[in-house]
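As the structure is a prediction and not an experimental result, all values here were calculated from the model. We count ligands from 1, going down the list as the structure has it; atoms in each ligand are counted the same way.
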Amino acid sequence: MTKNQTPRDAFDLLMAGNQRFVAGTPEYPNQDAARRTEIAPSQQPFAVLFGCSDSRLAAEIIFDRGLGDLFVVRTAGHVAGTEVLGSIEFGVSVLKAPLVVVLGHDSCGAVAAACSALEDGQTPGGFVRDVVERVTPSVLAARAAGRETAEEILAEHIEHTVDLLLERSRVLAEAVAAGRLGMVGLSYRLADGSAQVVATRGLDAAVPTAS
Ligand SMILES: [Zn+2]
């Protein structure tokens, strides 16, 4: 990646890769031995990607990128605890990535589990409960705003996650305020592979939403 890349440059690069993936014309950039050798001494990823762990959401595949491009953090339902916050901050403050992406998707099991826990009061056991409980505030906020469809609840959860990162991390908030960092929330459609913009922070006002 080039140095001094802007948040907008990083966003455009990411979305161009998703469009290639959707169209079935991937270029598989940065996946060869030369790239492997080039970046072995140090990494300079252009984005931190924080997404759901879902096996259908493989980051470098769906954005048609390769080695050294994305600093990836994934948890079920993209719920953020302190290790997640620390990993994202590392990507921004140490590796200087100009973009943080929150990636959610339709038919997310964690979101569905949070919805059903609210409906029937049944919460899963073990640490799965912790995941579900961290999604629940998003579902409640969506309902309070009259946003009841699965798509609306998902969008709320993605945007809520973006804002949660900014509220909890001073490092991220200061980077956005200084214009060094952009944040984007993307909603991924499993069936067609497209990533739709549902929230932006610190990017230019007019971000086109892919259709
Ligand atoms: Zn999921």
Return all side-chain donor-acceptor pairs below 3.5 angstrom for residues 98-113, not counting sequence neighbours, or 'none' if the list is empty.
| unit_1 | atom_1 | unit_2 | atom_2 | d |
| --- | --- | --- | --- | --- |
| D106 | OD1 | L190 | N | 3.0 |

Under 2.8 Å from the Zn ion (ligand 1), which protein atoms of type N, O or S occur, listed by chain and number?
C52 SG, H105 NE2, C108 SG

All side chain to side chain donor-acceptor pair (under 3.5 Å) counterparts of T149, not counting sequence neighbours:
E152

Over all atoms of both residues, closest heavy-atom pair of G51 and H78
C-CB, 3.8 Å

Between the main-chain N or O of V132 and the side-chain N or O of T136, is there a donor-acceptor pair closer than 3.5 Å?
yes

In terms of side-chain heavy atoms, does E89 have a donor or acceptor partner in S169 at a distance below 3.5 Å?
yes

I'd like to check the salt bridge (Lys or Arg N to Asp or Glu O under 4.0 Å) partners of D12; sequence neighbours left out, ordered by chain and number.
R8

